[in-house]
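What you see below is based on every heavy atom in this structure, not just the backbone, and it leaves out hydrogens, waters and symmetry mates. In the text below, chain A, chain B and the rest are named by the order of the sequence lines, each starting its count at 1.
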Protein chains: 2
Amino acid sequence: MSKRKETSTNLLNENYIVESCDLTYAVCMIGGRWKLLILCKLENGKLRFSELRDRINGITERMLTLQLRELEKEGLVKRTVHAEVPPRVDYELTSIAKELVPIWSQLSDWGGKHRKLMNKPR
Amino acid sequence: MSKRKETSTNLLNENYIVESCDLTYAVCMIGGRWKLLILCKLENGKLRFSELRDRINGITERMLTLQLRELEKEGLVKRTVHAEVPPRVDYELTSIAKELVPIWSQLSDWGGKHRKLMNKPR
DNA sequence: TATGGTACAGACAAATTTGTAAGTAATGAG
DNA sequence: CTCATTACTTACAAATTTGTCTGTACCATA
């Protein structure tokens with residue numbers, strides 16, 4: 001949640017693009033270093049913070065927090081806090097996020113295919 | 001084509017993630033501020049550099065060049081130089097990129113739907 | 001009273017991406 | 001010889017994202 005300069009060309013461009021293109025809008029939601037990894041892990045149900053952290057190799061708590069916050073804002077994950085000590089918080093996909101699953105599965109297949117093509121060029 | 005530090009955690013993380021997840025791999029290909037816009041414009045056939053530049057609001061020649069170069073490297077667009085003066089260069093989608101079209105059309109639909117949901121939250 | 005587990009928050013720095021503002025080569029037209 | 005056109009390139013600066021490290025509240029348990 002580092003604030004962005006509200007007057008930068010960079011931000012204006014991004015806004016303009018996202019406004020005018022549903023596709024770019026969609027990809028922006030799931031862009032960012034860790035978002036897809038997080039969403040994937042949640043594909044089979046709820047997980048708590050520490051479970052996510054432990055399953056995603058290399059992520060720091062800070063990054064996990066930041067990306068979860070954004071995903072929450074975007075309405076892709078739902079956050080539930082249990083009033084316990086020590087605290088317990090879990091995350092799950094929202095219904096609109098679940099609609100993405102079949103799409104990203106195709107995209108993943110495409111990725112696999114493309115990767116092979118690139119390995120043995122011709 | 002700004003070089004990246006080969007020893008940074010940032011790059012190591014990216015490599016690791018992309019290696020281990022076809023989905024992230026795929027999304028990385030089309031990530032970046034302008035790539036999808038460019039690909040969309042090429043959906044209906046070849047365009048030359050200046051045509052792309054004029055159709056993509058806000059892009060600079062530098063950015064267009066950079067992103068086209070990456071797309072070319074990734075095998076998503078094909079670049080053809082005509083030996084003329086003044087120079088003429090055109091760009092078109094490769095066949096693997098064309099396979100993405102139906103997927104991104106679904107993603108675009110999802111984006112539109114999601115956008116509406118967000119506008120009138122409940 | 002000291003310790004421990006959980007889910008973070010904050011300050012700061014490094015890395016990366018994006019934008020700005022020039023300039024270039026080649027050559028045909030005038 | 002001068003200028004215009006096209007598709008770039010380069011140096012530099014600003015913005016943004018990602019990573020490092022330290023610290024916090026809560027209370028149950030030893």
Side-chain angles (χ1 to χ4, degrees), chain A residues 1-18 24 28 30-38 46-72 77 79-91, chain B residues 1-18 24 28 30-38 46-72 77 79-91:
Chain A
M1 238 189 263
S2 33
K3 295 152 199 164
R4 299 181 65 175
K5 288 265 165 128
E6 296 191 1
T7 55
S8 69
T9 306
N10 187 309
L11 183 55
L12 294 180
N13 273 341
E14 181 174 313
N15 286 341
Y16 175 75
I17 291 172
V18 164
T24 306
C28 279
I30 57 176
R33 172 69 42 92
W34 305 98
K35 282 192 189 160
L36 275 172
L37 277 290
I38 297 172
K46 297 185 184 184
L47 287 178
R48 49 192 302 193
F49 186 85
S50 54
E51 290 173 320
L52 282 169
R53 182 196 56 205
D54 296 345
R55 284 167 203 219
I56 300 176
N57 199 301
I59 200 170
T60 61
E61 297 194 332
R62 173 185 148 77
M63 276 299 129
L64 184 52
T65 304
L66 285 177
Q67 311 259 20
L68 281 171
R69 288 283 177 282
E70 277 190 44
L71 288 168
E72 200 191 347
V77 307
R79 176 167 179 268
T80 310
V81 183
H82 300 273
E84 298 174 7
V85 167
R88 185 158 66 87
V89 179
D90 51 37
Y91 294 90
Chain B
M1 240 188 261
S2 33
K3 295 153 197 165
R4 300 181 66 176
K5 288 265 162 126
E6 295 190 2
T7 56
S8 69
T9 305
N10 188 310
L11 183 56
L12 294 180
N13 274 340
E14 181 174 313
N15 287 341
Y16 175 74
I17 290 170
V18 163
T24 305
C28 279
I30 58 177
R33 170 70 43 91
W34 304 98
K35 282 192 189 160
L36 275 172
L37 277 291
I38 297 172
K46 296 185 184 183
L47 287 178
R48 50 192 301 194
F49 186 85
S50 54
E51 291 173 318
L52 282 169
R53 183 195 57 206
D54 297 344
R55 284 168 203 218
I56 300 176
N57 200 301
I59 201 171
T60 60
E61 297 194 332
R62 172 184 148 78
M63 276 300 129
L64 183 53
T65 304
L66 285 177
Q67 311 261 24
L68 282 170
R69 287 284 178 282
E70 277 190 44
L71 288 169
E72 199 191 349
V77 307
R79 176 166 181 268
T80 311
V81 183
H82 301 272
E84 299 174 6
V85 168
R88 185 158 66 87
V89 179
D90 50 37
Y91 295 90

Over how many whole Å does the gap from A:Tyr16 atom OH to C:dT18 atom P extend? 18 Å
Overall bend of the helix from C:dT1-D:dA30 to C:dG30-D:dC1 (five pairs an end, 10° steps) is 30°
Please compare A:Gly32 and A:Glu61 by the position of their nearest nucleotide in DNA chain D and report the one closer to 5'. A:Gly32
Closest of C:dG19, D:dG19, D:dA7 to the A:Trp34 side chain is D:dG19
Listed nucleotide nearest any side-chain atom of A:Asn10, set C:dC8, D:dA7, C:dG19: C:dG19
Could you work out, with side chain to side chain donor-acceptor pair (under 3.5 Å) as the rule, every residue matching A:Arg33, not counting sequence neighbours? B:Asn10, B:Glu14
Give the nucleotide from the list D:dT16, C:dC8, C:dT18 with an atom nearest to the side chain of B:Gln67. C:dT18
Counting only side-chain heavy atoms from C-beta out, which of D:dA7, D:dT18, D:dT16 sits nearest to A:Arg33? D:dT18
Which residue, A:Ile59 or B:Phe49, contacts DNA chain D at a nucleotide closer to its 5' end, judged by nearest heavy atom? B:Phe49
Short side-chain N/O contact to D:dA7 OP1/OP2 from B:Ser50, under 4.0 Å: yes
Check side chain to side chain donor-acceptor pair (under 3.5 Å) between A:Arg55 and all other residues, then give those that pass, not counting sequence neighbours. none
A:Met63 and A:Leu66, any side-chain heavy atoms less than 4.5 Å apart: yes
Give A:Leu64 one of three labels, base, sugar-phosphate or nothing, depending on what nucleic acid heavy atoms sit under 4.0 Å from its own. nothing
With a cut-off of less than 4.0 Å, is there a side-chain N or O of B:Ser8 near OP1 or OP2 of D:dT18? no
OP1 or OP2 of C:dT6 versus the side-chain N and O atoms of A:Arg53: is any pair under 4.0 Å? no
Taking the side chain as C-beta and beyond, is there a heavy-atom pair between A:Leu37 and A:Ile59 under 4.5 Å? no
Rounded to whole angstrom units, what separation is found between the CG atom of A:Leu11 and the P atom of D:dA15? 11 Å
A:Glu6: which residues meet the salt bridge (charged side-chain N to carboxylate O under 4.0 Å, His left out) condition with it, sequence neighbours left out? none
Side-chain N,O (B:Arg79) to OP1/OP2 (D:dC8) below 4.0 Å: yes
What I'd like to find out is whether the side chain of B:Tyr91 reaches to under 4.5 Å of the side chain of B:Leu71, using heavy atoms alone. no
For residues 81-88 of chain A, which residues have at least one heavy atom under 4.0 Å from DNA chain D? A:Val85
Atom CZ of B:Arg48 and atom P of D:dT6: how far apart are they, to the nearest Å? 7 Å
Non-neighbouring partners of A:Arg79 that pass salt bridge (charged side-chain N to carboxylate O under 4.0 Å, His left out), sequence neighbours left out: none
For C:dC8, does OP1 or OP2 lie under 4.0 Å from any side-chain N or O of A:Arg69? yes
Would you tell me if any nitrogen or oxygen in the side chain of A:Arg62 comes within less than 4.0 Å of OP1 or OP2 on C:dG10? no
